[in-house]
Structures are given as structure tokens and as C-alpha cells.
Amino acid sequence: MTERAPLSRKLTAIAESATLKVDAKAKALQAAGRPVVSYAAGEPDFATPSFIVDAAAEALHDPANFRYTPAAGLPVLREAIAAKTSRDSGLEVPASRIIVTNGGKQAVYQAFQAVVNPGDEVLLPAPYWTTYPEAIALADGIPVEVFAGAEQEYKVTVEQLEAARTDKTTVLVFVSPSNPTGSVYTLEETKAIGEWALEHGIWVISDEIYQNLVYEGARAVSIVEAVPALAEQTILVNGVAKTYAMTGWRVGWMIGPADAIKLAGNLQSHLSSNVNNVAQRAALAALTGPQTEVEQMRAAFDRRRRLIVAELSKIPGVTVPNPLGAFYAYPDVRGLLGREWHGKTVNTSLELADLILDEAEVAVVPGEAFGPSGYLRLSYALGDDALLEGVQRIQRLFS
């Protein structure tokens, strides 16, 4: 008998999401009765605001929501997204240049599919969200990491980008506020990078999913607001998941030039068609309804941010740049490596994360998931008591 044909080589090369893997392990330990505190998932611990849930419940009584709708999204939601984009990203865009997607991940995937050709190099500032390099590879592109450490607040410079650019460079990934670091680029930094990309004809995929979660008076300036001419070679990615505590509703979107959006729209028409209509109605309510609870959640994140930075900074050998956005702290833990802790020699942040889980029952994500070793990501999107308990366990572990 002839052996079965092999599985897809492309998909075989794709790694499982490291953040979801750590989160799943933490939840399994919790289910088994272990008192694990998990900083793994980038997911607000708040309930979705009730007015959004009410809009979804109302949508369940409209039979129109039980049918196919336009693959690119409900027209009324696309109009609401256009208004939000004008307000928060400084870009006036028609609804025809917006596609509603099944969460931000689908938008990221389709963005790379639309602008990357086989062998293209994609400049990927590191630390980066774990999905980016895999999405680039699925588009047959080559991710080129450009690393900025804690001393740069994890923000790359034009000089670094230029040093990494070759004649195969066609795309830059730009994320502000950043997952995993919480870093926010200033207007001047954003403008400089945008002008550099415009000069060299480089596409920009800008992930703005955390743009409304900023602190200390910071503002996440959109790269298309900083450099308006760049809009014709930029795809914006966004969604309701983080700002509105709607991670499970799976509603994101992508915005870009008409030709790129047409390609992505054709792909989505075959890939998934329209996003769940009830979830789209909920997203519409989120964008057009009262924002009081959004501000309350942001204020809670800010309080937790200040707490976790202060407590982590008490650990000798740990450096914590001040994150001005998102809900992550990204401490530099290289001062803890190459040493023996509780009878174990720890040389990498992967080994350090395992030690912290085994000895302190605290789940963190190692830097290897986001780029070089030597760092940890801790999401502070969890309850105040659990947040303090977990970081104090880490303090005791390394005291």
C-alpha cells in the first residue's frame, strides 16, 4: 500500500500560540485545584458592559440576523468603525475601505495575505506579539526581527529599521501601544518611522487594538495621522476585544487602500464570509453607546499598572520600563539568569518561567515567545488581589 501523502509543510512549521499555551496550562492547574495566579492571557477580567450584551440579546429577536449578510460586514457597523477611525486615528475613510473580521487575528492574517509576496521581507520590531511571525510565514514572507531592549523602552528607531532594510523589504509591522511591552511611541517617533516607510515605498501594517488603553496623559498617535500621505500604503488593524472586554465576541476589522481591501475582501468571502451578525450588532453598540464603563476599566488598568511596576521593581536584578499603554508589564530579568535558584540553575527566561510556575505557582510568559530570551510578559488584566498576591510570590521566590 502506498503511504499517505504528507500533511501541509507550511502548517507543520507553524508554532502554537505561546500565550494561549501558557494560559491553557495555568487554567488546567487551576482546575486541578492548584492556587495558580496567571498573568498569561491578554484578556480583560471585566464583564462585557451590560448595554452591549442587551444589544446582542435584542439582535437575537430579529430574523434578519439569522441570514447571510455582506461578507465585509454590516454597513451600519462599517460606518461606525469609520467614525471611530476618524475620531481616534485621524483618518477619514469610507466604509467601503473597511472589512469586519472574526477578531483582530483574522485581520492580521488577511493584511499580510494582501500585501506580502513569496520571499518578501517583513520588518518585525521585537519584542512582538507571538502571532505576527506565524502570520507572515503563512503569507510566504520572511520575518526580519529588529530588536529594541529595555534601555530603549522597547521602541525601535529609524536607524535600526534602515540597517535592517534590503531590496526585499516590502512591509513594516508597527504596533503602538505594544503587546507585549506596553510601550507607546511618541508623535515624533511615529512620524519619523512613517516618513521613512513612505520614502522607501514600504507597506505598514499598524495594529491599533490597544489605542484607547493609554495612561499618564499619553496618546497613541496613529501612523496615518502622523504622516497622512502614508494612508495609501498602510493597513490598520483594530477591534473591540480589549477596550470593551469583548475578547470572546470575535469582532475586529481592517482598514486600508481600496485595492488592498478588495483583495482581502475576496479572501474573506471564501475564507469565512460574514462575521456573526449578533456579535456585529454588539460591536455596533460598543462603538456608538456610552463610554463610561470603558473609562472605568481603563482607570482600573492604570491602577494595576502602577502597582505591578512598583512591586516588580522591588526585585533585585529586575528592570521594568514604565508601560504607557495596553495592559502588560515586560520586565527585563536578565539579572536573574545564570544563577541558581532553589537548587536549579536558570539560564533562560523560559527556564525562569518554568521555575516561577513550579515554585511559586505563578504563570508568566517567557520572552522567547516574543523575541530574545531575558524577559517576561505579565498581563495585569486580572483582579487587584490576585495581581498583588502573584507578584508578592515572585518577590519571595527571589528574595
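Just so we're clear, the structure is a prediction, and the values are computed from it rather than from any experiment. The figures that follow rest on heavy atoms only: side chains count, while hydrogens, waters and symmetry mates do not.
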Undergrad: Does any part of the side chain of Leu284, heavy atoms only, come nearer than 4.5 Å to the side chain of Arg281, both counted from C-beta?
TA: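 In contact.
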Undergrad: Side-chain heavy atoms nearer than 4.5 Å, only ILVMFWY residues, links allowed to pass through others: does that put Ile193 and Leu123 together?
TA: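 Hydrophobic grouping puts Ile193 with Leu123.
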Undergrad: Which atom pair, heavy atoms only, marks the closest approach of Ser313 to Val309?
TA: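 Distance-wise, the nearest heavy atoms are OG-O, 2.6 Å.
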Undergrad: Between Arg97 and Glu232, does a salt bridge (charged side-chain N to carboxylate O under 4.0 Å, His left out) hold up when you go through it step by step?
TA: CA-CA 11 Å; Arg97 288 170 53 183; Glu232 287 304 308; 3.6 Å; yes
Undergrad: Do you know the tightest heavy-atom contact between Ala326 and Tyr215?
TA: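 What the structure gives for the nearest pair is O-OH, 2.6 Å.
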Undergrad: Report whether Ile98 and Val237 are members of the same hydrophobic cluster (ILVMFWY, side-chain heavy atoms less than 4.5 Å apart, transitive linking).
TA: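 No, Ile98 does not connect to Val237 through the hydrophobic network.
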Undergrad: Tell me which one of Thr48, Asn102, Asn276 satisfies side chain to side chain donor-acceptor pair (under 3.5 Å) with Trp249.
TA: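 Running side chain to side chain donor-acceptor pair (under 3.5 Å) over Thr48, Asn102, Asn276 with Trp249 returns exactly one hit, Thr48.
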Undergrad: Give me the one residue out of Thr234, Ile81, Ile235, Asn238 that meets side chain to side chain contact (heavy atoms under 4.5 Å, CB included) with Ile255.
TA: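 Filter result, single survivor: Ile81.
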Undergrad: Taking Gln268 for the side chain and Val100 for the main chain, is one N or O donor matched with an acceptor at less than 3.5 Å?
TA: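 Answer holds: yes.
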Undergrad: Below 4.0 angstrom, N of the basic side chain to O of the carboxylate: do Asp259 and Lys262 qualify?
TA: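 Judged by the 4.0 Å cut-off on N to carboxylate O distance, Asp259 and Lys262 do not form a salt bridge.
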Undergrad: In Å, rounded to the nearest 0.5 Å, how long is the span from OG of Ser272 to CZ of Arg250?
TA: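 Ser272 OG to Arg250 CZ: 11.5 Å, rounded to 0.5 Å.
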Undergrad: Out of curiosity, Asn274 CG to Thr101 OG1, how far, rounded to the nearest 0.5 Å?
TA: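 Between atom CG of Asn274 and atom OG1 of Thr101 there are 12.5 Å.
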Undergrad: Tell me whether Tyr68 at atom OH has more than 12 heavy atoms from other residues, nucleotides or ligands lying less than 6.0 Å away.
TA: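 Counting neighbours around OH of Tyr68, 12 or fewer heavy atoms of other residues, nucleotides or ligands fall under 6.0 Å, so no.
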Undergrad: Indicate yes or no: at least one non-hydrogen side-chain atom of Phe370 is less than 4.5 angstrom from one of Val365.
TA: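 Side chain of Phe370 against side chain of Val365, heavy atoms only: contact under 4.5 Å found.
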Undergrad: Do Phe327 and Pro44 come within less than 4.5 Å of each other through their side chains, counting heavy atoms only?
TA: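 Sidechains of Pro44 and Phe327: in contact.
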Undergrad: Can you give me the closest heavy-atom contact between Ala386 and Tyr39, atom names plus distance?
TA: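 In terms of heavy atoms, the two residues are closest at O-OH, 3.9 Å.
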Undergrad: I'd like to know whether NZ of Lys344 has more than 12 heavy-atom contacts from other residues, nucleotides or ligands below 6.0 angstrom.
TA: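 More than 12 heavy atoms, drawn from other residues, nucleotides or ligands, come within 6.0 Å of this atom.
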Undergrad: Ignoring hydrogens and geometry, is there a side-chain-to-backbone donor-acceptor pair from Asn277 to Arg67 under 3.5 Å?
TA: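 Checked: pair present.
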Undergrad: Closer than 3.5 angstrom, by distance alone: can the side chain of Trp341 be matched with the main-chain N or O of Leu336 as a donor-acceptor pair?
TA: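 Yes; at least one donor-acceptor contact below 3.5 Å.
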Undergrad: Using 0.5 Å steps for rounding, measure from the CD1 atom of Ile356 to the CG atom of Leu378.
TA: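 Rounded to the nearest 0.5 Å, the CD1-CG separation comes out at 7.5 Å.
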Undergrad: Would a 4.5 Å heavy-atom cut-off, applied to side chains only, mark Glu225 and Ser89 as touching?
TA: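 No, side chains not in contact.
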Undergrad: With a cut-off of 6.0 Å (strictly less than), are more than 12 heavy atoms of other residues, nucleotides or ligands near CZ of Arg9?
TA: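 At most 12 heavy atoms, drawn from other residues, nucleotides or ligands, come within 6.0 Å of this atom.
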Undergrad: How far does OH of Tyr328 sit from OG of Ser379, to the nearest 0.5 angstrom?
TA: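 Between Tyr328 OH and Ser379 OG, I get 5.5 Å after rounding to 0.5 Å.
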Undergrad: Quick one: do Leu138 and Phe112 end up in the same hydrophobic cluster if we chain Ile, Leu, Val, Met, Phe, Trp and Tyr together by side-chain heavy atoms under 4.5 Å apart?
TA: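 Result: no, two separate clusters.
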Undergrad: Any sub-3.5 Å donor-acceptor pair from Tyr244's side-chain atoms to Gly239's backbone N or O?
TA: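 Not a single qualifying donor-acceptor pair exists.
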Undergrad: Which heavy atom of Arg377 sits nearest a heavy atom of Ala41, and at what distance?
TA: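 Smallest interatomic distance, heavy atoms only, reads NH2-C, 4.1 Å.
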Undergrad: Would you confirm whether Thr319, through its side chain, and Asp332, through its main-chain N or O, come within 3.5 Å as a donor-acceptor pair?
TA: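 Checking the backbone N and O of Asp332 against the side chain of Thr319, no donor-acceptor pair under 3.5 Å is found.
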Undergrad: Does the Ser178 side chain pair with the main chain of Val175, one donor and one acceptor, at a distance under 3.5 Å?
TA: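 Side chain of Ser178 to backbone of Val175, a donor-acceptor pair under 3.5 Å: no, none is there.
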Undergrad: I'd like to know if the side chain of Gln291 reaches the main chain of Gly289, judged simply by a donor and an acceptor atom lying under 3.5 Å from each other, with no hydrogens or angles considered.
TA: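 Yes.
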Undergrad: Does one hydrophobic cluster hold both Leu91 and Met254, with members joined at side-chain heavy-atom distances below 4.5 Å?
TA: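 Not linked; separate clusters.
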Undergrad: Check this for me: does any side-chain nitrogen of one of Glu208 and Lys84 sit under 4.0 Å from a carboxylate oxygen of the other?
TA: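 Looking at Glu208 and Lys84, the cut-off is not met.
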Undergrad: To the nearest 0.5 Å, what is the distance between OG1 on Thr69 and CG on Leu74?
TA: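 Going from OG1 on Thr69 over to CG on Leu74, the span is 4.5 Å.
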Undergrad: At what distance, to the nearest 0.5 angstrom, does CG of Leu355 lie from CG of Leu397?
TA: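 Atom-to-atom, Leu355:CG and Leu397:CG are 5.0 Å apart.
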Undergrad: Do the side chain of Glu153 and the main chain of Pro321 share a donor and acceptor less than 3.5 angstrom apart?
TA: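 Checking the backbone N and O of Pro321 against the side chain of Glu153, no donor-acceptor pair under 3.5 Å is found.
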Undergrad: Does Thr190 use its side chain to pair, donor to acceptor, with the backbone of Thr186 at less than 3.5 Å?
TA: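 Side chain of Thr190 to backbone of Thr186: a pair is present.
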Undergrad: Any idea which heavy atoms bring Gln395 and Ile315 closest together, and the distance?
TA: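 Between these two residues, the closest heavy atoms are CG-CG1, 3.8 Å.
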Undergrad: Is the shortest side-chain N to carboxylate O distance from Glu162 to Arg165 below 4.0 Å?
TA: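 Result for this pair is yes, salt bridge flagged.
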Undergrad: Answer with yes or no whether the hydrophobic clustering places Val278 together with Val240; edges join I, L, V, M, F, W, Y residues whose side-chain heavy atoms lie under 4.5 Å apart.
TA: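 No; Val240 is not reachable from Val278 via cluster members.
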Undergrad: Which atom names give the shortest non-hydrogen contact between Arg393 and Val362, and what distance separates them?
TA: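 The pair with the smallest heavy-atom distance is CD-CG2, 3.8 Å.
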Undergrad: Is Tyr185 reaching over with its side chain to a backbone N or O of Val156, donor-acceptor style, under 3.5 angstrom?
TA: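 Side chain of Tyr185 to backbone of Val156: a pair is present.
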